[in-house]
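One structure below.
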2 protein chains.
Amino acid sequence: MSKKKEENKEQEEILADQEEVLEEVIEDIVEEEAPETTEATEPEKSELDLANERAEDFENKYLRAHAEMQNIQRRSNEERQTLQRYRSQDLAKKILPSLDNLERALAVEGLTDDVKKGLEMVQDSLIQALKEEGVTEVSMESFDPNYHMAVQSIPADDDNPADSIAQVLQKGYQLHERLLRPAMVVVYN
Amino acid sequence: MSKKKEENKEQEEILADQEEVLEEVIEDIVEEEAPETTEATEPEKSELDLANERAEDFENKYLRAHAEMQNIQRRSNEERQTLQRYRSQDLAKKILPSLDNLERALAVEGLTDDVKKGLEMVQDSLIQALKEEGVTEVSMESFDPNYHMAVQSIPADDDNPADSIAQVLQKGYQLHERLLRPAMVVVYN
């Protein structure tokens, strides 16, 4: 994971360098040209003027195409990085019900030790797989409408201040900072 | 591992593309300067000739930049499609051991109906989630070294021709046409 980040960083740096170089090139060319623009006031246009204009015209087109190319490259890199970061989103979302089912199965009374161990192994390996791809449970510290859905509320009191969470009915999950599904909670208010 | 290699390869290609572009730019600049040195040998070049040359030069540069831009866009689209198609590869691979564990848990003797039902529900929902993302079991029709790993072989006979599969020790999975892990099989030969 961190290796990938490093690679991305390296790439960004390389891109930034190349952009700098290009910008310098463009600046140089633009500077060179500046004086010619004042010529336009002359009434009659000689063949030379026309040739110069044509040169200037293509030079501008060339510079624009180049700048555009840089933009396309930059955007394409950014997009690739986003796709990579959230690539597991769809599959992760679809796996959450399996985790819920596992939790329910583990809550059944009278499981033998073997079965319980087996279920816990499956649960652990699923959670581990999700974690490695950046999926974690949402924090339960205090109620946050961005990450929690209050399905019921209980009057707050001295021991339980408003916005503290009384009960979690279903866990919520996020992929990096992006919410996969909110936690369903009972909240004090 | 192989995925990371692919990514690196893709990145390298992109970097190589960008380097090419830069090299062209630098070449262009060098070319631009070059004529001044050779000019000494040629007797007379009018200002008009020079302006025309300059126009032609920038026109070529513009056309090249434009073609290059289209290439970059095309490659970037192809790359995005590939990333999308195989985006679930890493998470799917990591989920396969959970499926193995579930199968093993289901094979334990003396499970109550409730537990069995619970396990099967988890199994079905996992398989469904994977299927929706394009993950399927590899075909078991006949031995294919691209999809199967023979861990043992049994002499073929009239009923069991060579390359038919005698037993599956561990299921194999593929994401679209890309192998996630081979099936471990006992094969007749």
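Sequence lines set the chain letters: A, B, ... in the order given, protein chains first and strands last, and positions in each chain run from 1.
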Requested in this report: Examine B:Leu63 and A:Leu63 and state if one hydrophobic cluster contains both, with Ile, Leu, Val, Met, Phe, Trp and Tyr joined whenever side-chain heavy atoms are less than 4.5 Å apart.
Outcome: yes

Query - Residue part contacting chain A, namely of B:Gln84, when any heavy atom lies under 4.5 Å - result: side chain

Requested in this report: Identify whether the distance between the nearest side-chain nitrogen and carboxylate oxygen of A:Arg54 and B:Glu59 falls below 4.0 Å.
Outcome: yes

Query raised in the report: Which heavy-atom pair separates B:Ala65 from A:Met69 by the least distance, and what is that distance?
Result: O-SD, 3.9 Å

Query raised in the report: For the residue pair A:Glu133 and B:Lys94, what are the closest heavy atoms and their distance?
Result: OE2-NZ, 2.8 Å

Report summary line: So CG of A:Asn60 and CZ of B:Phe58: to nearest 0.5 Å the spacing works out to 9.0 Å

Query raised in the report: In this structure, are over 12 heavy atoms from other groups packed under 6.0 Å from B:Glu141 atom CD?
Result: no

Requested in this report: Apply side-chain contact (heavy atoms from CB on, under 4.5 Å) to B:Val135 and A:Leu91, showing your working.
Outcome: CA-CA 10 Å; B:Val135 178; A:Leu91 181 53; 5.7 Å; no

Query - Same apolar cluster (I L V M F W Y, side chains within < 4.5 Å links), A:Val185/A:Leu179 - result: yes

Query raised in the report: Which residues in residues 143-176 of chain B have any heavy atom lying under 4.5 Å from a heavy atom of chain A?
Result: none

Report task. Please assess B:Asp90 against A:Glu132 for the test side-chain contact (heavy atoms from CB on, under 4.5 Å), listing each intermediate value before the final yes or no. Result -> CA-CA 9 Å; B:Asp90 285 8; A:Glu132 282 173 24; over 6 Å; no

**Report entry** Region of A:Gln89 in contact with chain B, defined by heavy-atom distances below 4.5 Å
**Finding:** neither

Report summary line: Given B:Ser98, B:Ser125, B:Ser76, the one with more heavy-atom pairs under 4.5 angstrom with chain A than any other is B:Ser98

**Report entry** Minimum heavy-atom distance B:Ile72-A:Gln73, with the two atoms named
**Finding:** CD1-NE2, 3.7 Å

Query raised in the report: Would A:Met184 end up clustered with A:Val138 when hydrophobic side chains under 4.5 Å apart are linked, directly or stepwise?
Result: no

Query raised in the report: So which of B:His66, B:Arg80, B:Gln128 has the largest heavy-atom pair count under 4.5 angstrom toward chain A?
Result: B:Arg80

Requested in this report: Under 4.5 Å, counting heavy-atom pairs only, tell me which of A:Asp57, A:Ile95, A:Leu48 racks up the most with chain B.
Outcome: A:Leu48

Report summary line: Shortest non-hydrogen pair, B:Ala51 vs A:Ala55, comes out as O-CB, 4.1 Å

Requested in this report: Following the transitive rule for hydrophobic clusters with a side-chain heavy-atom cut-off under 4.5 Å over Ile, Leu, Val, Met, Phe, Trp and Tyr, establish whether A:Leu96 and A:Tyr86 coincide in one cluster.
Outcome: yes

Requested in this report: Using heavy atoms and a sub-4.5 Å threshold, report which of residues 99-124 of chain B line up against chain A, by residue number.
Outcome: B:Asn101, B:Leu102, B:Leu111, B:Val115, B:Leu119, B:Met121, B:Val122

